[in-house]
Undergrad: 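What follows is a single structure, and I will ask about it in a moment.
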Amino acid sequence: MKDKRIKAAVQIVCVILVCFTLIFLFFFEPYTGKWDKVKRINADTDTYEEENLGGTLNFQCYANGDVVYNAWLTVVNAFEKASGVKVNLMAGTEVNTKKQTDWQNGNPPDIVSNTGTGFSGFMQIESNSLADLSNFYETARVWGSETLVKDRMNAGKGDSEYKKYFEYFGDEVYLAPYMTATYGMYYNGKLFDDNGLAFPENYDNLQEVSQTALSSMGKAFVSFPGTSAAYLTWGFVVPAVYAQAKEDGNESYFNDFTAGKAYAYDINDERSAPLKKVLERYFEYTHLSGGRYMADCLGKNHTTVQSELYTNVNLSLANGQWLYSELYNTLKDDETGFNLKFGASPLVTSGQSKTAVLLPITLAIAKQAKNKPQAEAFLRFIYRTDVQHVLTAAYGYRSIYEDFDYSKDGDDYSYSAKQIYAELENCELVPVKYSWGSLGEMLNAQLVALCPKASAPGTVSSAMNQLKAEADKFTEQVKKMGRTI
């Protein structure tokens, strides 16, 4: 009898717990991800009622770490609820490599993030694999709003202002920007403060701080992943090329340089002077003090040099803005005191503008997408302000909206992320639209070759000759695509 009473009591408790759980789920939809610093996306303030699309969507997404993955999971869950679309989220660091065969066989996902190794937007444009989104950007609304995406991106500026972020040929648009990231120099602000150092703002300061760091701390100032020299290209050298071109009164040169026009790399063409001056400055710096200002990192990958940054082996690291999300769980700046800060390239000379280049972070819709309406709806959803908060907080990137308010939901952004945003506000931010393909790889290789510890050291002349030859190849490659630079 006693056992029956106990059993009945247990059953009653279980029923109560189940009822309580159902009530909780009904009124308080739980966040299913693991990242507790992101707020749910709320459609209560929408001014336009969207139709229930239904159907499915296949989304290929390069995601480096739990923070980024769970941010995308949050966005996907919210989109599914709002649209009735079932999303197949294919995410991770290997997804681009795994899906290459599907792209080659004409069975691509519907929408893809143009980030990470194993996927090249330029190569997909070359192979005619991406849908032209130019009409989308003339007519598409931000999800849940009557505001056109292009008007929201313009933020009251000229009608075509939004196109400055697009990677496009002529009027065709293939890659849809939704955030921007910048390369630059990242360092531990606490280490600098403890040693009475200020991050250098120009080339003269750079030499002084590098000498102090070497003589009093025994540390090299500049480190970069030698096996991924693009970090050095975009974070250290390219911003200085813009600043030099601006000082020379030839800002249009920078557009031609980033577009890959051959004359911009021709040492015999006087118009290429901005690149030549910066490479000469870079070459000088890498050879000062027996080459010890630059860390011995030519054979190291990005993981190794990142670990050297947060263990204070070297003073600064040329890297992309995603460094924040990659080190999110390691740094824990609020707990460890490691203060990850951003510094603009100090390769500019005194009086030149503090510069950082903005590279658009993009999505693309496959030309052979089986669910194109759902893909376009998802892209419209990405341009919601609350979705922008979720993604920028996870990545540490900037929103595509120049008037974006990072102070809203400020708890979602770490101390380091806020420092990075604040420093970027002090820089001249220069959008770069084009993808160089093999030309970019050649520039990376030549910067390595200009280091004295390179296996085959080069000169500025040899570097520019190699770049000119590659630029000529790039021009022909684009012509074969039926397009012009």
Side-chain angles (χ1 to χ4, degrees), residues 24-25 28-43 56-83 85-99 109-119 143 178-181 303 306 320-336 340 361-363 374-375 377-379 381-400 404 406 408-418 420-421:
F24 180 84
L25 290 174
F28 308 100
E29 179 188 353
Y31 167 59
T32 56
K34 298 178 182 178
W35 188 33
D36 60 2
K37 283 195 173 184
V38 72
K39 294 186 169 53
R40 287 191 290 271
I41 298 165
N42 186 359
T56 59
L57 175 69
N58 297 306
F59 177 27
Q60 176 181 329
C61 178
Y62 181 89
N64 52 339
D66 288 344
V67 173
V68 169
Y69 172 78
N70 285 305
W72 277 114
L73 186 62
T74 299
V75 173
V76 164
N77 288 344
F79 176 69
E80 287 181 329
K81 180 181 177 182
S83 66
V85 175
K86 177 61 180 175
V87 180
N88 175 24
L89 176 61
M90 300 168 284
T93 56
E94 303 295 328
V95 64
N96 290 342
T97 302
K98 292 178 180 178
K99 299 301 292 182
D110 301 304
I111 192 166
V112 58
S113 63
N114 181 34
T115 55
T117 56
F119 187 89
W143 182 277
Y178 62 100
M179 294 188 294
T180 61
T303 302
Q306 283 179 7
Q321 204 169 339
W322 48 87
L323 176 67
Y324 163 73
S325 62
E326 290 180 343
L327 297 184
Y328 181 88
N329 291 322
T330 302
L331 297 178
K332 294 182 178 178
D333 49 24
D334 296 328
E335 301 174 17
T336 64
L340 182 66
I361 305 301
T362 61
L363 294 168
Q374 287 79 3
F378 184 69
L379 186 54
F381 195 77
I382 297 300
Y383 288 110
R384 291 175 59 99
T385 300
D386 48 11
V387 172
Q388 291 278 305
H389 272 288
V390 170
L391 295 175
T392 55
Y395 281 94
Y397 291 170
R398 288 171 55 88
S399 168
I400 197 67
F404 192 76
Y406 298 97
K408 183 180 179 182
D409 295 335
D411 290 343
D412 286 351
Y413 301 95
S414 78
Y415 179 73
S416 288
K418 292 175 184 176
I420 293 170
Y421 291 133

Undergrad: Supply the atom-to-atom distance D386 CG to H389 NE2, rounded to the nearest 0.5 angstrom.
TA: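 Interatomic distance, D386 CG to H389 NE2, rounded to 0.5 Å: 8.0 Å.
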Undergrad: For V95, which residues count as a side chain to side chain contact (heavy atoms under 4.5 Å, CB included) partner, sequence neighbours excluded?
TA: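 For V95 the side chain to side chain contact (heavy atoms under 4.5 Å, CB included) partners, ignoring immediate neighbours, are Q60, M90, K99.
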Undergrad: For residues V75 and V390, report the shortest heavy-atom separation together with the two atoms involved.
TA: CG2-CG1, 4.0 Å
Undergrad: Looking only at non-hydrogen atoms, find the nearest pair between I111 and A375 and report the distance.
TA: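 Taking every non-hydrogen atom into account, CD1-O, 3.9 Å.
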Undergrad: Looking at side-chain heavy atoms only, is the closest gap between T56 and N88 below 4.5 Å?
TA: no
Undergrad: Would you call F404 and T385 a side-chain contact if the rule is heavy atoms closer than 4.5 Å?
TA: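 Contact flag for F404/T385 side chains = yes.
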Undergrad: I need the minimum non-hydrogen distance between E80 and V85, along with the two atoms involved.
TA: CG-O, 3.0 Å
Undergrad: Quick one: pull up CD1 in I361 and CD1 in I400 and give me the separation to the nearest 0.5 Å.
TA: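 It comes to 9.5 Å.
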Undergrad: Any idea which heavy atoms bring T392 and Y421 closest together, and the distance?
TA: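 Shortest heavy-atom contact: O-OH, 3.2 Å.
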Undergrad: Ignoring hydrogens and geometry, is there a side-chain-to-backbone donor-acceptor pair from Q374 to V87 under 3.5 Å?
TA: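 Side chain of Q374 to backbone of V87: no pair is present.
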Undergrad: Report the distance from atom CH2 of W143 to atom CZ of F79, rounding to the nearest 0.5 Å.
TA: 5.5 Å
Undergrad: When you compare the side chain of D110 with that of F59, does any pair of heavy atoms fall below 4.5 Å?
TA: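 When only atoms from C-beta onward are counted, D110 and F59 do not touch, as no gap falls below 4.5 Å.
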Undergrad: Looking at every heavy atom in both C61 and L89, which two are closest together, and how far apart are they?
TA: CB-CD1, 4.1 Å
Undergrad: Heavy atoms, side chains only, cut-off 4.5 Å: are L391 and W72 in contact?
TA: yes
Undergrad: Between N70 (side chain only) and A394 (backbone N and O only), is there a donor and an acceptor less than 3.5 Å apart?
TA: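 The answer is no, because no donor-acceptor pair under 3.5 Å joins these two groups.
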Undergrad: Taking all non-hydrogen atoms of both residues, which atom of Y397 and which atom of M179 are closest, and how far apart?
TA: CD1-CE, 3.4 Å
Undergrad: Going by salt bridge (charged side-chain N to carboxylate O under 4.0 Å, His left out), name the pairs with one or both residues in residues 56-65, residues two or more places apart or in two chains.
TA: none
